[in-house]
Participant: 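Below is the structure I would like to discuss, written out as C-alpha cells.
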Amino acid sequence: SDFFQSGKTREDFEKLLDAPETTLHENVWEKPRKLVDILVSLDVVNNYETNDKGYGKLFAEVFKDKHRYNPSRKDFMLYDGARWIDDTEGLAARADAKQLSDALLQYGSSIGNSDYLKAVAALCNIRNRNNMLQDSKDEYYFCNEDLDKEDYLLNVQNGTLDLSSDTPVFKEHNPDMLLSKICNVKYEPAATCKTWDKFLMEIMQGDIEKIKYLQKIAGLSLTGNTQ
C-alpha cells in the first residue's frame, strides 16, 4: 500500500491504530484536516458503507463540485473554480482520492472507532482507491452534450453573466452551470470604451435610437442564440 511504500512499517501502522487523537493529528498529514470537517458533517460512519459502493458514493459527494465523470470523454473532468476542464488520466481525482483516504484515517481516529479505522485503512491500497473512483462515476456525471447548453450564460474570469433578460445579471461561478468555456476578460459594468462610443456616434450619425439598436445587436452576439 502507499502507507508502507512511503517507508512506514507494520509496527508504525499498529501504533497509528492505537494512537490517541492528539498524537494522530500531530503525525498524520496536514492537508486532510478540512476534509475531516466535511466527513464529520456528513456523519460518514453512520451514512456510508465501508465497501466499494460506500466509498464511491462518499468520494462523489465530497468532491461533486470538483470531480465529475464524463462518459463522453471516458475520464473525469476537473472544475478549476470557473469551468470544467479535462483531467488527464484522472490524475487530479486520483490525488484527491489519496487525500480522502488520509482524512478517513484521521476521522476514524477522532471518533474513537478502531473497527472503522481498520476498515478505512484499506484505502491506503491503490487498488481499493481505484475501486472507489470506479464506483463514484455514476453518482454525479455529465456528458459532452450537457456542457455549455445555456445559450445566455457568458462565462468570464470573475463570474458568469446571465444575458437572458434585458439587464445582465452577474453571478458567481458555479460548477452546476456545467460551463467549459470562458472569456479572457473580467466583467466591469462601470467600464467605458471611448473608441467604441466614438465609432457608434460616427457610423450612426448621432442617432441615439439607432445606436441603442446596434448595441443590442452587438450584445446578442455574446450569446449562443443563432436564431
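It should be emphasised that the depicted structure is a prediction, and the values quoted were computed from it without experimental measurement.
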Participant: Quick one, D197 and K194 - any side-chain contact, counting heavy atoms below 4.5 Å?
Facilitator: no
Participant: Between CE of M177 and CG of L147, what distance do you get to the nearest 0.5 Å?
Facilitator: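 Interatomic distance, M177 CE to L147 CG, rounded to 0.5 Å: 14.0 Å.
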Participant: Please tabulate, for the side chains in residues 200-221, all donor-acceptor contacts under 3.5 angstrom to protein atoms that are two or more places apart in sequence or on a different chain.
Facilitator:
| from | atom 1 | to | atom 2 | distance (Å) |
| --- | --- | --- | --- | --- |
| D207 | OD1 | E209 | N | 3.2 |
| D207 | OD1 | K210 | N | 3.2 |
| S221 | OG | A218 | O | 2.4 |

Participant: Determine whether Y141 and W84 fall in the same hydrophobic cluster, where Ile, Leu, Val, Met, Phe, Trp and Tyr are linked whenever their side-chain heavy atoms lie under 4.5 Å apart.
Facilitator: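 No; W84 is not reachable from Y141 via cluster members.
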Participant: Mind running side-chain contact (heavy atoms from CB on, under 4.5 Å) on H67 and F59 for me, showing each step along the way?
Facilitator: CA-CA 9 Å; H67 303 292; F59 179 89; 4.0 Å; yes
Participant: Looking at every non-hydrogen atom in both residues, tell me the closest pair between S109 and L117 and how far apart they are.
Facilitator: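 That would be N-CD1, 4.0 Å.
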Participant: Do the non-hydrogen side-chain atoms of L105 and C124 ever get within less than 4.5 Å of each other?
Facilitator: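 Side-chain contact under 4.5 Å: yes.
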Participant: I'd like to know if M132 and L78 are part of one continuous hydrophobic network [Ile/Leu/Val/Met/Phe/Trp/Tyr, side-chain heavy atoms within less than 4.5 Å].
Facilitator: no
Participant: Could you tell me the separation between the CD atom of Q134 and the CG atom of N130, rounded to the nearest 0.5 Å?
Facilitator: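 CG of N130 is found 8.5 Å from CD of Q134.
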Participant: Does one hydrophobic cluster hold both L123 and V45, with members joined at side-chain heavy-atom distances below 4.5 Å?
Facilitator: yes
Participant: Whether the T88 and D86 side chains hold a donor-acceptor pair (N or O, under 3.5 Å, no angle test) is what I'd like checked.
Facilitator: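 No - no donor-acceptor pair under 3.5 Å links their side chains.
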Participant: Evaluate side-chain contact (heavy atoms from CB on, under 4.5 Å) for T160 paired with L179, printing each intermediate quantity in order.
Facilitator: CA-CA 10 Å; T160 303; L179 301 175; 3.9 Å; yes
Participant: Contact between V44 and Y116 at the side-chain level, heavy atoms closer than 4.5 Å - yes or no?
Facilitator: yes
Participant: Just by distance, do the side chain of D148 and the backbone of S180 share a donor-acceptor pair under 3.5 Å?
Facilitator: yes
Participant: For N46 and D43, which I'm curious about, is there any donor-acceptor pair between the side chains at under 3.5 Å?
Facilitator: yes
Participant: Which atom pair, heavy atoms only, marks the closest approach of L154 to C183?
Facilitator: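 Looks like CD1-SG, 3.5 Å.
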Participant: Let me check something: do V62 and Y79 share a hydrophobic cluster, defined by ILVMFWY side-chain heavy atoms less than 4.5 Å apart, either directly or through other members?
Facilitator: no
Participant: Write down the atom of P168, the atom of L163, and the distance for their closest heavy-atom approach.
Facilitator: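 Distance-wise, the nearest heavy atoms are CB-CD2, 3.9 Å.
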Participant: To the nearest 0.5 Å, tell me how far M77 CE sits from R83 CZ.
Facilitator: 9.5 Å
Participant: With a 4.0 Å cut-off on N to O distance, would you call E61 and K57 a salt bridge?
Facilitator: no
Participant: Would you call D80 and K66 a side-chain contact if the rule is heavy atoms closer than 4.5 Å?
Facilitator: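 No - every pair of side-chain heavy atoms lies 4.5 Å or more apart.
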Participant: What's the shortest heavy-atom distance between N51 and G54, and which atoms?
Facilitator: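 Closest approach of N51 to G54, heavy atoms only: OD1-N, 2.8 Å.
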Participant: Under a 4.5 Å cut-off applied to non-hydrogen side-chain atoms, are R94 and F76 in contact?
Facilitator: no
Participant: Looking only at side-chain N and O atoms, does R73 offer a donor or acceptor that is under 3.5 Å from a partner on N144?
Facilitator: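 Present: a donor and an acceptor within the cut-off.
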Participant: Under a 4.0 Å threshold between the charged nitrogen and the carboxylate oxygen, would R129 count as salt-bridged to D52?
Facilitator: no
Participant: Taking the side chain as every heavy atom from C-beta outward, state whether Y140 and F63 have any atom pair closer than 4.5 Å.
Facilitator: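 No, every pair of side-chain atoms sits at 4.5 Å or beyond.
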Participant: Say whether, by atom type as modelled, one donor and one acceptor occur between the side chain of D96 and the main chain of Q99 under 3.5 angstrom.
Facilitator: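 Here the side-chain-to-backbone pair does not exist.
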Participant: Can you see which heavy atom on R68 is nearest to which on D176, and at what distance?
Facilitator: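 What the structure gives for the nearest pair is NH2-OD1, 2.7 Å.
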Participant: Enter the distance from L153:CG to L222:CG here, rounded to the nearest 0.5 Å.
Facilitator: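 The distance works out to 12.5 Å.
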Participant: If you take all heavy atoms of Q157 and K186, which pair is closest and at what distance?
Facilitator: CB-CG, 3.9 Å
Participant: Answer yes if the side chains of N70 and D75 hold a donor-acceptor pair under 3.5 Å, and no otherwise.
Facilitator: no
Participant: Distance alone, cut at 3.5 Å: any donor-acceptor contact between the side chains of T223 and D151?
Facilitator: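 Per modelled atom types, T223 and D151 side chains form no pair under 3.5 Å.
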Participant: Scan for ring pair (Phe, Tyr, Trp, His ring centres under 6.0 Å) pairs involving residues 146-182, sequence neighbours excluded, and state none if there are none.
Facilitator: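 Non-adjacent pairs meeting ring pair (Phe, Tyr, Trp, His ring centres under 6.0 Å): F170-Y187.
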Participant: Between Y55 and L42, is there a shared hydrophobic cluster once you connect ILVMFWY residues whose side-chain heavy atoms come closer than 4.5 Å?
Facilitator: yes
Participant: Under the rule for side chain to side chain donor-acceptor pair (under 3.5 Å), what residues qualify as partners of D115, not counting sequence neighbours?
Facilitator: none
Participant: Measure the OG-CG distance between S101 and N128 for me, rounded to the nearest 0.5 Å.
Facilitator: 9.0 Å
Participant: Looking at OH of Y48 and NZ of K53, how far apart are the two atoms once the value is rounded to the nearest 0.5 Å?
Facilitator: 12.5 Å
Participant: Does the side-chain contact (heavy atoms from CB on, under 4.5 Å) test come out yes or no for L104 and L35, once each step is laid out?
Facilitator: CA-CA 8 Å; L104 282 167; L35 282 177; over 6 Å; no
Participant: Is a donor on one side and an acceptor on the other found under 3.5 Å between the side chain of N155 and the backbone of K181?
Facilitator: yes
Participant: Is there a side-chain contact between V169 and L161 (heavy atoms, below 4.5 Å)?
Facilitator: no
